[in-house]
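What follows is a set of notes on a single structure, which appears directly below.
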Amino acid sequence: MIKENKELTENIAIKAMPLPEKAYIPLIQHIGRPCDILKVKINDTVKTGQLLACAEASVSSPVHASISGKITAIGEYAHPILGKSTAITIERDINLTEEQFPLLDKSRINSFSPDELRLLIKNAGIVGMGGATFPTHIKLSPPKPVDSLIINGAECEPYLTSDNRLMIEESEGILKGIEIIAKILNVKNIYIAIEDNKAEAISVFKNAILNTQYTIRVLKTKYPQGAEKQLIYSVLRRKVPSGKLPLDVGAVVHNVATCFAVFEAVYKNKPLYERLVTVTGDILKNPGNLKVRIGTPVKDLISFCGPLKKEAKKIIMGGPMMGIAQFSDDFPVIKGTSGILVLSEDEVKEAQEGICLRCGECVKNCPMGLTPALISMAVASEKWDLAKEYGALDCVECGLCSYSCPVNRKIVQAVKYAKTKIKR
Amino acid sequence: MDNLIVSTSPHIHRKESVSYIMWAVVIALIPSGIAGVWIFGIGALWVMLAGVFSALLFEALICRLRGKKVSILDASAILTGLLLSYNLPANVPLWLPVVGSFVAIAVAKQAFGGLGRNIFNPALVGRAFLLAAWPTYMTTFIKPYDSITAATPLALLKEGKALNLGQMNLSYFDFLTGGRGGCIGEVCIVALLIGALYLWVRKIISLHAPFAFITIVALLSWIFSGEALFKGDFIFAVLSGGLILGAFFMATDYVTTPLTAKGQFIFGLGCGLLTFVIRKWGGYPEGVSYSILIMNAFVPLIDRFVRPKRYSP
Ligand code: SF4
Ligand code: SF4
């Protein structure tokens with residue numbers, strides 16, 4: 001069993017992070033085409049929520065200003081996933097008043113058609129907030145009908161608790177978001193899936209759904225419960241075949257934070273310019289769940305949650321199982337930043353890689369039923385066909401194999417490598 | 001902030017390492033060792049110590065010669081030496097376990113590339129070598145709580161000197177407590193089961209191979225080993241010889257058995273079948289060690305073709 005370490009932050013209420021002096025907004029924060037149509041230029045004054053850039057391509061998502069101020073640069077800047085990318089720098093102007101996005105009239109909202117809703121969501125720049133960052137409007141236009149909508153509140157990555165806090169503190173907004181998504185997809189079976197380590201969130205939701213048709217599914221806490229394929233199987237007992245999508249088995253999965261963003265986009269006309277981030281780690285004095293403007297430098301987050309009790313040796317965007325280690329603390333929060341994890345030297349010490357003991361731990365733990373040990377051996381001898389036969393392409397990259405290997409074999413790394421080789 | 005470590009996910013790792021696993025198995029074998037000394041006298045202790053220390057010595061020496069980090073602390077050499085001595089009679093000369101350890105460590109383990117690359121169970125290779133080279137030492141057993149020599153129950157049966165427990169002057173209870181002739185570490189069933197239970201509870205071993213192994217031996221013995229069909233004494237078949245030791249401690253060795261649960265089950269079936277065949281028709285009274293060694297050779301094949309249940313077929 002993986003040590004969860006959620007107790008560091010799970011009971012700490014959401015705090016708003018003070019606005020940053022500067023925000024760096026990358027033109028690509030999603031899976032798909034980068035925003036190639038700039039709507040602003042250097043020295044322009046922008047207001048919070050103002051459109052900065054968008055794209056012609058449909059699989060893309062526009063980006064917006066997250067603070068009011070002046071555009072001071074458009075150029076290369078650090079990106080937590082890509083290393084570097086083009087970003088728009090906004091310098092805050094404290095003389096400008098912050099935009100407000102009050103709730104709109106309910107009757108107007110009810111009059112929206114599914115197509116109008118999709119457009120609203122697209123224009124608000126909403127992407128999968130669990131970390132996948134796939135543009136939400138695309139996921140809301142399935143090419144064939146689906147019958148089930150699963151709302152992912154599993155949050156199975158260790159350390160991360162922002163979805164948990166959101167469910168506890170913003171259940172109403174999440175439910176309204178779910179309602180909109182259900183209307184667009186025209187589905188009747190709606191499940192809210194939560195892991196059983198989130199007792200408070202479960203009880204909040206059990207009360208909140210009393211007058212709805214929704215079903216709560218309390219799932220066993222078992223990483224990677226929140227991975228789409230696992231979730232669909234746990235909730236619906238349907239298996240997504242190899243190489244197929246959830247919608248091929250009639251299911252769509254949306255994260256709770258995405259639902260909340262959809263609610264804000266539709267009910268408040270508010271673009272996606274802020275999100276919740278769990279900033280955590282044993283060496284942080286004041287870890288917590290922060291409401292952060294997109295583009296805020298992560299070093300600001302760390303110093304806000306500091307001071308550090310020990311020197312930081314690793315900074316991870318995301319959780320410890322699938323997150324990405326960073327070269328420095330100088331990179332912006334993007335739409336997919338669910339957490340920032342700071343680890344010290346003793347927590348990241350890497351033991352040397354040994355010869356496979358054939359203990360079978362990786363086989364026992366693989367959620368996809370693969371034989372990771374054999375895939376990694378096939379990779380070592382460059383037998384790509386064999387790696388494929390052992391199921392390399394079905395790997396969901398959860399990392400459990402590497403996690404559980406007693407001789408520290410870099411198995412998931414090998415499997416990922418095999419994937420790039422097989423496709424060729 | 002600089003000097004950050006950048007590596008690929010996952011960024012955390014479970015704590016259990018190789019030495020954790022190997023030490024757990026060593027601990028699980030201790031009750032049986034204590035029972036062996038209790039039953040056969042202090043001589044058994046010297047055999048065990050000779051086995052363990054020579055195994056450690058050869059491991060250190062060969063690692064040094066191969067220019068590798070000395071891996072003795074991972075306890076795998078201790079385990080090999082211990083298992084080897086458990087498969088010896090208590091009254092062998094002390095150079096015998098030393099030679100056995102040499103074969104186990106130098107030939108069966110290190111010559112294949114070290115822990116993880118060996119195909120055959122090192123302790124069993126050592127034992128097989130000793131049995132072939134010095135059969136008299138290897139098949140002269142002493143009577144429990146006594147120093148006169150006595151044959152094992154399976155040997156009595158094989159040679160036709162006794163047909164059932166009554167004629168051997170033994171009861172099932174004697175098997176459970178170890179009051180019978182045999183190798184140091186195989187006689188006390190209760191002690192072995194305590195160790196096996198410990199490993200199972202700590203999730204170090206799974207029971208697929210032992211279950212299949214023991215069940216098939218019991219089943220075949222029940223059907224074919226009696227005066228008539230379905231009249232065989234299957235309890236005797238299970239408790240005698242080295243079946244319990246072999247099934248729980250050697251047919252569960254990570255390196256030399258299949259990776260998947262299904263594969264382990266097939267491995268156990270094969271071991272059971274071969275054990276029965278050797279016991280009934282072979283030249284030796286006991287066949288556990290040889291059947292495990294033979295099945296070791298099939299492991300690559302089993303792993304190649306037996307797959308776990310895939311999420312998506
Ligand atoms: S990362 Fe490892 S455990 Fe996870 S699905 Fe891939 S092979 Fe299986
Ligand atoms: S967990 Fe590691 S040592 Fe065990 S079988 Fe898998 S790769 Fe080999």
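Lettering of chains follows the sequences in order, A, B, ..., and the numbering in each one begins at 1. Here the structure is a predicted model, which means the values were calculated and not measured.
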Quiz item: Counting N and O atoms only, with roles assigned by atom type, does the side chain of Gln264(B) sit under 3.5 Å from a partner on the main chain of Thr257(B), one being a donor and the other an acceptor?
Solution: no

Quiz item: Would you say Arg117(B)'s side chain and Phe112(B)'s backbone share a donor-acceptor pair under 3.5 angstrom?
Solution: no

Under 4.5 Å from any heavy atom of chain B, what part of [X] do you find: side chain, backbone, both or neither?
X         : value
Glu157(A) : neither
Lys364(A) : side chain
Leu370(A) : both
Lys416(A) : side chain
Pro367(A) : backbone

Quiz item: Under 4.0 Å between a Lys/Arg side-chain N and an Asp/Glu carboxylate O for Glu347(A) and Lys314(A)?
Solution: no

Quiz prompt | Electrostatic pair Asp303(B):Arg358(A) at N-O distance under 4.0 angstrom | solution = yes

Practice problem: Measure across Pro246(A) and Ile232(A) and return the closest heavy-atom pair with its distance rounded to 0.1 Å. | Solution: CB-CD1, 3.4 Å

For [X], what residues pass the side-chain contact (heavy atoms from CB on, under 4.5 Å) criterion, not counting sequence neighbours?
X         : result
Ile324(A) : Ile81(A), Gln326(A)
Tyr77(A)  : Tyr24(A), Ala87(A), Asp330(A), Pro332(A)
Leu386(A) : Ala378(A), Lys383(A), Glu389(A), Tyr390(A), Arg304(B)

Exercise. Below 4.5 Å from any heavy atom of chain A, which atoms of Lys15(B) appear? Answer side chain, backbone, both or neither.
Key: neither

Practice problem: Using non-hydrogen atoms and a 4.5 Å limit, figure out which bit of Ile21(B) sits close to chain A: side chain, backbone, both or neither. | Solution: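 For Ile21(B), side-chain heavy atoms alone lie under 4.5 Å from chain A.
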
Quiz item: Do you know which of Leu357(A), Val363(A), Leu343(A) has the most heavy-atom pairs with chain B at a distance under 4.5 angstrom?
Solution: Leu357(A)

Practice problem: Pick whichever of Gly399(A), Gly323(A), Cys356(A) has the most heavy-atom pairs under 4.5 Å with chain B. | Solution: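 The option with the most such pairs is Gly323(A).
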
Quiz item: Within a reach of under 6.0 Å around CH2 of Trp200(B), are more than 12 heavy atoms found that belong to other residues, nucleotides or ligands?
Solution: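 No - once you tally the heavy atoms of other residues, nucleotides and ligands closer than 6.0 Å, there are 12 at most.
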
Quiz item: Counting only heavy atoms not in Phe304(A), do more than 12 fall under 6.0 Å of its CZ?
Solution: yes

Quiz item: Looking only at heavy atoms, which of residues 243-253 of chain B get nearer than 4.5 Å to chain A?
Solution: none

